[in-house]
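Everything quoted here is computed from the prediction, not taken from an experiment.
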Number of protein chains: 2
Amino acid sequence: MHSDGRKIRSLEVAERAQISRSTVSRVLSGDPRISEATRARVLAAADELGYQPNLIARGLKNQSTGIVGVVVTDLDNSYHAHALQLLIEKMGEKRLAPLVFAGNSVEGAESAIARLMSYQVDAVIALAAPFSQSIIAACRTGSKPLVLMNRHEGEESVSAVGGDGAAAGAMVADHLVARGARSFAFFGGDDSTKISMERQTGFADRLAAHSFSLGTVCTSRYSYDPARRAAVSVLSAAPDAVFCANDTLAMALADAARERDAGPPPMIVGYDNSALAARPLYDLTSVDQNLEEMTSRTVETALAMVFDSQAPTVRLTISPFLVERGSTRPRTS
Amino acid sequence: MHSDGRKIRSLEVAERAQISRSTVSRVLSGDPRISEATRARVLAAADELGYQPNLIARGLKNQSTGIVGVVVTDLDNSYHAHALQLLIEKMGEKRLAPLVFAGNSVEGAESAIARLMSYQVDAVIALAAPFSQSIIAACRTGSKPLVLMNRHEGEESVSAVGGDGAAAGAMVADHLVARGARSFAFFGGDDSTKISMERQTGFADRLAAHSFSLGTVCTSRYSYDPARRAAVSVLSAAPDAVFCANDTLAMALADAARERDAGPPPMIVGYDNSALAARPLYDLTSVDQNLEEMTSRTVETALAMVFDSQAPTVRLTISPFLVERGSTRPRTS
DNA sequence: ATGCACTATTCACACGAGTGCACAACTCAA
DNA sequence: TTGAGTTGTGCACTCGTGTGAATAGTGCAT
């Protein structure tokens, strides 16, 4: 760093090491043709000056910036927030920089994606169901690698890393049956994606295998207040157990049951295993999507597509697991 | 966009408009010397080709990228997540692109800041108490504008936009006294910052003005489980009302009181007015920091420092307001 | 026609880094 | 001394854009 605030350039390093700028560049890129002596001299000079390469310039020349666009909606949902945090961490480990857009309007998302393109991102990671189609279109015309996380709805031609909702539904069915439930309901989200439906059919199918059938099916938007209202109709059917497509729905249901104060609440299973689910107040059995793994795979997939633009599209499915808590403990009534 | 996926450059626009590349550049930068006729021709050509300027190249030439680094910790705290979402939205409106680092380790933060510098960010916005000192140091040596959000602890020489914790404390004291409370406790966070302390003293001072004194003072880390444990000692003092430095603390306290099941719970006031506070289960009176305003001001401040590197450091204080809910309704006992 | 003022456009260089190719320096054999 | 072979460096161009200074074009008065 210069005293006037200007950054150190490779030219300064070159001068201090009594060598040309080209050689500095080669040392930094590990070119084997450079002799040990000069390599050491250059590294020493770079170190003394505190040289940090200008990644913008490098990006321009290399046609690869190391920047990855991340599009996410609804950060107020702790699931998304947590996923974003993990994504950013994993990207850091791979030396990728996340240029993030978070918003809830379609216009906003579209202008944001245009901006991402202008910044020459190497790839885009999307965790934003409502905008999938716009994003897919934009990345196709911009021919940028795209990885959808936790979404399947795109055409087969786009890479996606998702959870196995059907398997989760089956696990939940097994668990509830083992816990002694005999009548079942499903409390789903009304998102336009197939996520909720996949969980539901996995659940229903496995129930059928146990010779039970799925009773009431309700849906609601994925936020608390509407879910709380919808919960009433779920409860009115008085099922032994309810599988919810989301922890927010599950908590709304639990709260509604608590307030109703008539008889024991149903067993409840949530989805996402959010921090709130673990609070003693809810003590909610929940499906954990293994976000740790899902985000790792997502970043790895994006990275692979950056390195090899011919890489085939990847469709990965991460196995979820069930975290059993008090909300599905058999009642001693 | 070319068929082979290469981006359209200004050169292509120039050729299509039968004009030189310089003129294209001037049209886009609104140079008044360009005649209306050619301006229209250039814009038409750009439009037909779908030209989007390469902001990386522009950034290199202009020594200003339009990228702003955002450093944030603990996205699992919904307050931080919400603040980040708002920051990103406001930045989008100002045509700034957020390069985000989110993490909880100091080493991670330091390497991330170094990376931000390499990407030649125009400024840094930090919402990360634990790393303030590293960030301040890094921005100083890199001579990058820095705006701390909701933190005051830096030296006076760094710009900061924060809430008025003392005023909030006073408002809460007024409110609780008006509601009939006579004995008071404070449940604070043990962060190294002065945030919690500021709220506490504002509270205590106003209580004193009402001729009351602050009784029990407990502290805990800002996450649920430790708070839940610490809540027991708060309750053991049996105060009429408790002011909590954070909604998480407040909810932990409310849950502890609910579980204890001995007598009416104290009145409880939280801080941050998170979405959870509004849920009927908690119905928590809470201080709203006016994040909308705080984030707007933060972004505006950063932008001003980008445009004018000589801009004076700014220290803004945003007035909070109190959202009254059921947790401070007078008991009819 | 010539000079002058004024406008619209182009030329050529810069930003900071990466890289193919030419070439300098050195070794070794004849 | 000359030639070939090997090794390490440097020149010069490139990435896509912005911009000061030079130039071409126009109108008008002399």
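For B/Arg9 against D/dG18, a side-chain-to-base donor-acceptor contact under 3.5 Å is absent. Counting distance only, with no hydrogens placed and no angle test, the side-chain atoms of B/Arg21 and the base atoms of D/dG18 include a donor-acceptor pair under 3.5 Å. Below the 3.5 angstrom threshold, one finds a donor paired with an acceptor across the side chain of A/Ser22 and the base of D/dC11. Checked by distance alone, B/Arg26 brings a side-chain donor or acceptor within 3.5 Å of a matching partner on the base of D/dG20.
Counting any heavy atom pair closer than 4.0 Å across all strands shown, B/Ser29 reaches no nucleic acid atom. Note on A/Thr23: only backbone sugar-phosphate atoms sit closer than 4.0 angstrom, heavy atoms only; bases stay farther off. In this structure, B/Ser10 reaches the sugar-phosphate backbone alone: every heavy-atom distance under 4.0 Å involves primed, P, OP1 or OP2 atoms, never a base. No engagement by B/Ile56 is indicated, since no non-hydrogen atom pair under 4.0 Å with the nucleic acid exists.
Taking the side chain of B/Pro53 as heavy atoms from C-beta on, and the options C/dT9, D/dT17, D/dC15, the nearest nucleotide is D/dT17. Checking D/dG10, C/dA17, C/dT10 against the side-chain heavy atoms of A/Tyr51 singles out C/dA17 as nearest. Of the candidates C/dA8, C/dG16, C/dA17, the closest approach to any side-chain atom of B/Leu60 belongs to C/dG16. Comparing D/dT14, C/dT19, C/dC21 by their closest approach to the side chain of A/Lys61 singles out D/dT14.
Taking atom CG of residue B/Asn54 and atom C1' of nucleotide D/dG18, one finds them 13 Å apart after rounding to whole Å. Between the CD atom of A/Glu15 and the P atom of C/dG16 there is a distance of 13 Å, given to the nearest Å. Note: CG (B/Leu11) to P (C/dC11) measures 12 Å, nearest angstrom. A straight line from CD of B/Gln18 to C1' of C/dT10 spans 15 Å, rounded to a whole angstrom. Remark: P of D/dG10 and CG of A/Asp31 are 13 Å apart, rounded to the nearest angstrom. Counting to the nearest Å, the P atom of D/dT17 and the CD atom of A/Gln63 are 10 Å from each other. Taking atom CG of residue B/Leu28 and atom P of nucleotide D/dG18, one finds them 7 Å apart after rounding to whole Å. Put simply, CD1 on B/Ile19 is 13 Å from C1' on D/dA24, counting in whole angstrom units.
A pairwise comparison of heavy atoms in B/Ile135 and B/Leu146 identifies CG2-CD1, 3.7 Å as the closest pair. What you find for B/Pro98 and A/Leu99 is that their closest heavy atoms are O-CD1, 3.2 Å.
The residue among B/Arg33 and B/Gln52 whose nearest nucleotide of DNA chain D lies closer to the 5′ end is B/Gln52. Nucleotides of DNA chain C nearest to B/Ile34 and B/Asn62 differ in position, and the one nearer the 5' end is that of B/Ile34. The residue among B/Glu36 and B/Ala57 whose nearest nucleotide of DNA chain C lies closer to the 5′ end is B/Glu36.
Distances shown here put every side-chain N or O of B/Ser20 at or beyond 4.0 Å from the OP1 or OP2 atom of C/dC11. In terms of phosphate contacts, B/Ser35 brings a side-chain nitrogen or oxygen within less than 4.0 Å of OP1 or OP2 of C/dT9. An OP1 or OP2 oxygen of D/dG16 is reached within less than 4.0 angstrom by no side-chain nitrogen or oxygen of A/Gln120.
Salt-bridge check for B/Arg9 with B/Glu12: passed, with a basic side-chain N closer than 4.0 Å to an acidic carboxylate O. Using a 4.0 Å cut-off between charged side-chain N and carboxylate O, B/Lys90 and B/Glu300 make no salt bridge.
For B/Glu110 and B/Ser134, the side-chain atoms include at least one donor-acceptor pair closer than 3.5 Å.
Paired with B/Thr298 under the rule side-chain contact (heavy atoms from CB on, under 4.5 Å), one option of B/Val314, B/Val147, B/Leu127 passes, and it is B/Val147.
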